[in-house]
S.K.: 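Below: one structure in structure tokens.
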Amino acid sequence: MRKTTSSFLFFLLVSFCAFAQKTKEHKTADTDKSKEILLEKSLTVQRDTVQVVDTTTQIITTSNELQMTTLTKTSIKDSLTYAAKDYPKMSELDSLWKQELYNSSLFDTIYKSVTELAYEPVEYVDLPTDTLKARLAELNARTPFNVEYNPSLESVIKNYLKNRHEHLNRLMALSEFYFPLFEQELDNQNIPLEIKYLAIVESALKPRAKSRVGATGLWQFMFGTGKMYGLEVSSYVDERMDPIMATQAACAYLAKLYKIFGDWDLALASYNSGPGNVTKAIRRSGGYTNYWNIRHNLPRETAGYLPAFLATMYIFEYADKHGFKPRKPEFAYFETDTIKVKQMISLDQVSEYMNIDMEELQFLNPSYKLDIIPYIKDENYVLRLPLDKIGPFVANEDQVYTLAKAEFDKREKPLPKYFEANDRIRYRVRSGDYLGKIARRYGVRVSQLKKWNRLRSNNLRVGQRLTVYPRRPVVNTTQKASSSKTTKAKTVTSTSELYTVKSGDTLWSISKKFKNISVENLKSWNDISGSGIKPGMKLRLSKS
């Protein structure tokens, strides 16, 4: 009896422990669940019907990577399309990262910060001066740069940490993509790896960045200097915007400058302003060769150049000490590969046939100015793709080129038409647009878009109208549509004709009513500084 009772008690004890453990696991699971991103149980492939219009008679059957394509002679037919959708939340996270990769607003921020550096004391309690001195001494010991403490450098570092934390966090995310490429080339040419931070100061890691004086690319080569170091610039291609070619050229140029000056600080200064300006500054300072002693004799932009570089290097090297937590890239540069093209092909054709995002292609192939890869004998023009797209492209290469050639042959002209520099368009904001995307599409800067449209922030709303003065070629797809409208612009026949402003009129709507008159004309002829006009106001429609 005693043995039975003991067994029963043991059974109760085991059961209680099991129940407690199960309850604990259930609570833990609930806690973990609250930290998870809830995904739908299942996603269905969406099917839709579209109309297909073709002008050739050809049927192409391809392998699984590309679907069967049916081309019929000048006919309209319904075709089924399929689209596999991603989880909305995950797709949103992906799009946020892509905005970091493709947005060009950081370049404007960096460019302004270097040219307008202020050296006034900055209060930043999280970085005591003694701590900064100790860390700079560490950097000075392990780098070939003169990273000694001085109040001006302290001011720049603390200003960056206090006022540019978000920008630096985004730059650190971008650096995860580009720095491995930079480090490989720097190591190949025996150049200090810390030079990689120079690309941040130069271009904010934007391959298509262009300064107000024409310096272009990640390493901001001027046209002449780029030519000297083998970077081709033509109507189709600007190799200053190719990450690998430009990095190789930058390394060669920096090695040459170091050979001249024997000092990396002076080599960086001469990279920015030219060796001539550095030698003049040395003469005017009385023969000093320390950067901090000749800085006051350098151009203003170069005077802030090395402090910005050293501040950036310090912050990146001690990022963990200042709470930076950048996002990692979706893929690294080494997870891409190139294919030498066998005939002319456009990025939008590759995007369509290979089911890859157009912006991703532009990001990976920034040196093609028209988004068209030309084919020229003895030239190695290549298409860069993510590794998972290389196999499908090669397996279907002949079919892809066949489709691309057929599309080029149907065009009246093989290249898109150019907008003149002063031509203006009105762009309607679509879902998914942001300023960097629109700016890149038309070859302008984000700061210009904001100036033309008096935008105080980067926020846009769907349906919003933006004025754009394009600097790059685009296909004019709206010309025929606009010409079919019943309302036609009037021609001003009298040099003294006046227009009476009506309720609801804007300068833009008035300019559209008359041929060859722009908003700028109306402002100039009527001494209007802003955009405000009132009903009843008389506006001149000519200079006199």
S.K.: May I ask you to check whether over 12 heavy atoms, not counting those of Arg142, lie within 6.0 Å of atom CZ?
M.R.: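 Yes, because the 6.0 Å sphere around CZ of Arg142 holds more than 12 heavy atoms from other groups.
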S.K.: Answer yes or no: is there a donor N or O on one side and an acceptor on the other, between the side chain of Arg240 and the main chain of Gly217, under 3.5 Å?
M.R.: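 No, Arg240 side chain to Gly217 backbone: no donor-acceptor pair under 3.5 Å.
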S.K.: Can you measure from OG (Ser346) to CE (Met358) and round to the nearest 0.5 angstrom?
M.R.: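 CE of Met358 is found 7.0 Å from OG of Ser346.
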S.K.: Given Asp357 and Lys437, is the salt bridge (Lys or Arg N to Asp or Glu O under 4.0 Å) satisfied, shown in steps?
M.R.: CA-CA 13 Å; Asp357 186 77; Lys437 179 178 178 181; over 6 Å; no
S.K.: Applying salt bridge (charged side-chain N to carboxylate O under 4.0 Å, His left out), name anything that partners Asp242, two or more places apart in sequence or on another chain.
M.R.: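 Per chain and number, Asp242 pairs via salt bridge (charged side-chain N to carboxylate O under 4.0 Å, His left out) with no residue.
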S.K.: From Met241 CE over to Ser203 OG, what is the distance, rounded to the nearest 0.5 angstrom?
M.R.: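 Atom-to-atom, Met241:CE and Ser203:OG are 12.5 Å apart.
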S.K.: Taking it one step at a time, do Ile510 and Leu522 satisfy side chain to side chain contact (heavy atoms under 4.5 Å, CB included)?
M.R.: CA-CA 9 Å; Ile510 295 170; Leu522 291 174; 4.0 Å; yes
S.K.: Thr302 pairs by side-chain hydrogen bond (donor to acceptor under 3.5 Å, both in side chains) with which of Asn272, Asn297, Asn277?
M.R.: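 Of all the options given, the one that passes is Asn272.
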S.K.: Taking the side chain as everything from C-beta on, heavy atoms only, tell me whether Thr289 gets closer than 4.5 Å to Ile294.
M.R.: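 They are not in side-chain contact.
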S.K.: So, using ring pair (Phe, Tyr, Trp, His ring centres under 6.0 Å) as the criterion, who are the partners of Tyr381 when residues are at least two apart?
M.R.: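 Applying ring pair (Phe, Tyr, Trp, His ring centres under 6.0 Å) to Tyr381 gives none.
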S.K.: So do Pro374 and Glu379 actually touch side chain to side chain, heavy atoms under 4.5 Å?
M.R.: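 Glu379 does not reach Pro374 side chain to side chain.
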S.K.: Picking from Met172, His322, Lys321, what satisfies side chain to side chain contact (heavy atoms under 4.5 Å, CB included) with Ile315?
M.R.: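 Exactly one pass, corresponding to Met172.
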S.K.: Could you tell me whether the side chain of Ser285 and the main chain of Ala281 form a donor-acceptor pair under 3.5 Å?
M.R.: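 Answer holds: yes.
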S.K.: First locate atom NZ of Lys206, then atom CG of Leu218, and finally report the distance between them rounded to the nearest 0.5 Å.
M.R.: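 Lys206 atom NZ to Leu218 atom CG measures 10.0 Å (nearest 0.5 Å).
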S.K.: Shortest non-hydrogen contact from Tyr375 to Val341?
M.R.: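 Closest heavy-atom pair between Tyr375 and Val341: CD1-O, 3.5 Å.
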S.K.: Count the heavy atoms of every other residue, nucleotide or ligand shown that sit under 6.0 Å from CZ of Phe316, and state whether that count exceeds 12.
M.R.: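 It does: Phe316 CZ has more than 12 such atoms within range.
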S.K.: After noting the C-alpha distance and the side-chain angles of Phe221 and Val233, does the key distance pass the side chain to side chain contact (heavy atoms under 4.5 Å, CB included) rule?
M.R.: CA-CA 11 Å; Phe221 274 100; Val233 180; over 6 Å; no
S.K.: Between Phe309 and Phe145, is the ring centroid distance below 6.0 Å?
M.R.: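 Under 6.0 Å, so yes.
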S.K.: Which atom pair, heavy atoms only, marks the closest approach of Leu205 to Pro207?
M.R.: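 The answer is O-CD, 3.7 Å.
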S.K.: Do the side chain of Thr143 and the main chain of Leu139 share a donor and acceptor less than 3.5 angstrom apart?
M.R.: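 Yes, Thr143 side chain to Leu139 backbone: donor-acceptor pair under 3.5 Å.
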S.K.: Using 0.5 Å steps for rounding, measure from the CD1 atom of Ile373 to the CZ atom of Arg384.
M.R.: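 Between atom CD1 of Ile373 and atom CZ of Arg384 there are 11.5 Å.
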S.K.: Should the pair Phe179 and Phe182 be assigned to parallel (<30°), tilted (30 to 60°) or perpendicular (>60°) ring geometry?
M.R.: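 It falls in the tilted class, 30° to 60°.
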S.K.: Looking only at non-hydrogen atoms, find the nearest pair between Tyr368 and Val382 and report the distance.
M.R.: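 Result for this residue pair: OH-O, 2.7 Å.
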S.K.: Who are the salt bridge (charged side-chain N to carboxylate O under 4.0 Å, His left out) partners of Lys162, not counting sequence neighbours?
M.R.: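 Expected list: none.
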S.K.: Going from CG on Leu383 to OG1 on Thr338, what distance comes out if it is rounded to the nearest 0.5 angstrom?
M.R.: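 Reported value, rounded in 0.5 Å steps: 8.5 Å.
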S.K.: Could you check whether Tyr427 and Gln464, counting side-chain N and O atoms only, form a donor-acceptor pair closer than 3.5 Å?
M.R.: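 Not at all, the side chains of Gln464 and Tyr427 share no donor-acceptor pair under 3.5 Å.
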S.K.: Can you run down the side chain to side chain donor-acceptor pair (under 3.5 Å) pairs that involve residues 179-199, sequence neighbours left out, and say none if there aren't any?
M.R.: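 For residues 179-199, and leaving out neighbouring residues, the side chain to side chain donor-acceptor pair (under 3.5 Å) pairs sorted by first residue read Glu183-Lys196, Tyr197-Glu317.
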S.K.: Table please: side-chain donor-acceptor pairs of residues 249-264 below 3.5 Å, with sequence neighbours left out.
M.R.:
from, atom 1, to, atom 2, distance (Å)
Asp263, OD1, Asp265, N, 2.9
Asp263, OD1, Leu266, N, 2.9

S.K.: Does Asn453 reach the main-chain N or O of Thr467 with its side chain, forming a donor-acceptor pair under 3.5 Å?
M.R.: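 Yes: the side chain of Asn453 pairs with the backbone of Thr467.
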S.K.: Just jot down the salt bridge (charged side-chain N to carboxylate O under 4.0 Å, His left out) partners of Lys389, sequence neighbours excluded, or say none.
M.R.: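 Salt bridge (charged side-chain N to carboxylate O under 4.0 Å, His left out) check on Lys389 returns nothing, list empty.
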S.K.: Carefully, step by step, assess Phe177 and Phe363 under the rule ring-ring contact (aromatic ring centres under 6.0 Å, His included).
M.R.: CA-CA 12 Å; Phe177 183 85; Phe363 176 73; 5.0 Å; yes
S.K.: Within the 4.5 Å heavy-atom criterion, are Leu136 and Ile157 side-chain neighbours or not?
M.R.: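 In short, these two side chains touch, coming nearer than 4.5 Å.
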S.K.: Counting distance only, does the side-chain N/O of Lys369 pair as donor-acceptor with the main-chain N or O of Asp238 below 3.5 Å?
M.R.: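 No.
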S.K.: Can you name the closest pair of heavy atoms from Ser175 and Pro180 and give their distance?
M.R.: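 Between these two residues, the closest heavy atoms are O-CD, 4.0 Å.
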S.K.: Main chain of Ala209, side chain of Ser211: is a donor-acceptor contact present, judged purely on distance under 3.5 Å?
M.R.: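 Between the backbone of Ala209 and the side chain of Ser211 there is no qualifying donor-acceptor contact (under 3.5 Å).
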S.K.: Would you please test Trp219 and Leu198 for side chain to side chain contact (heavy atoms under 4.5 Å, CB included) and show each step?
M.R.: CA-CA 8 Å; Trp219 297 95; Leu198 182 64; 3.9 Å; yes
S.K.: With side chain to side chain contact (heavy atoms under 4.5 Å, CB included) as the test, would you mind laying out the steps for Asp348 and Asp371 before giving the verdict?
M.R.: CA-CA 8 Å; Asp348 62 333; Asp371 289 335; over 6 Å; no
S.K.: With side chains defined as the heavy atoms from C-beta onward, is the minimum distance between Asn458 and Lys450 less than 4.5 Å?
M.R.: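 A side-chain contact exists here, since the closest heavy-atom pair is under 4.5 Å.
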S.K.: How about Thr247 and Leu186: do any of their side-chain heavy atoms sit closer than 4.5 Å?
M.R.: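 Heavy-atom side-chain distance check fails, nothing below 4.5 Å.
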S.K.: What are the two closest non-hydrogen atoms of Ile438 and Leu466, and how far apart are they?
M.R.: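 Shortest heavy-atom separation between Ile438 and Leu466 comes out as CD1-CD1, 3.8 Å.
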S.K.: As an exercise, state the distance from CD of Glu360 to CG of Leu385, rounded to the nearest 0.5 Å.
M.R.: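 Here the rounded value is 9.0 Å.
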S.K.: Over all heavy atoms of both residues, which pair between Ala303 and Tyr291 is shortest? Give the atoms and the distance, please.
M.R.: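 Nearest pair, atom of Ala303 first, then Tyr291: O-OH, 2.9 Å.
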S.K.: With a 4.5 Å heavy-atom cut-off, do Leu298 and Tyr305 have their side chains touching?
M.R.: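 In short, these two side chains do not touch, never coming nearer than 4.5 Å.
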S.K.: If you define the side chain from C-beta out and look only at heavy atoms, does anything of Met245 sit under 4.5 Å from Ser367?
M.R.: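 SC-SC contact between Met245 and Ser367 ruled out.
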S.K.: Would you say that Ile356 contacts Leu361 through its side chain, given a criterion of any heavy-atom pair below 4.5 Å between the two side chains?
M.R.: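 Answer yes - side chains close enough.
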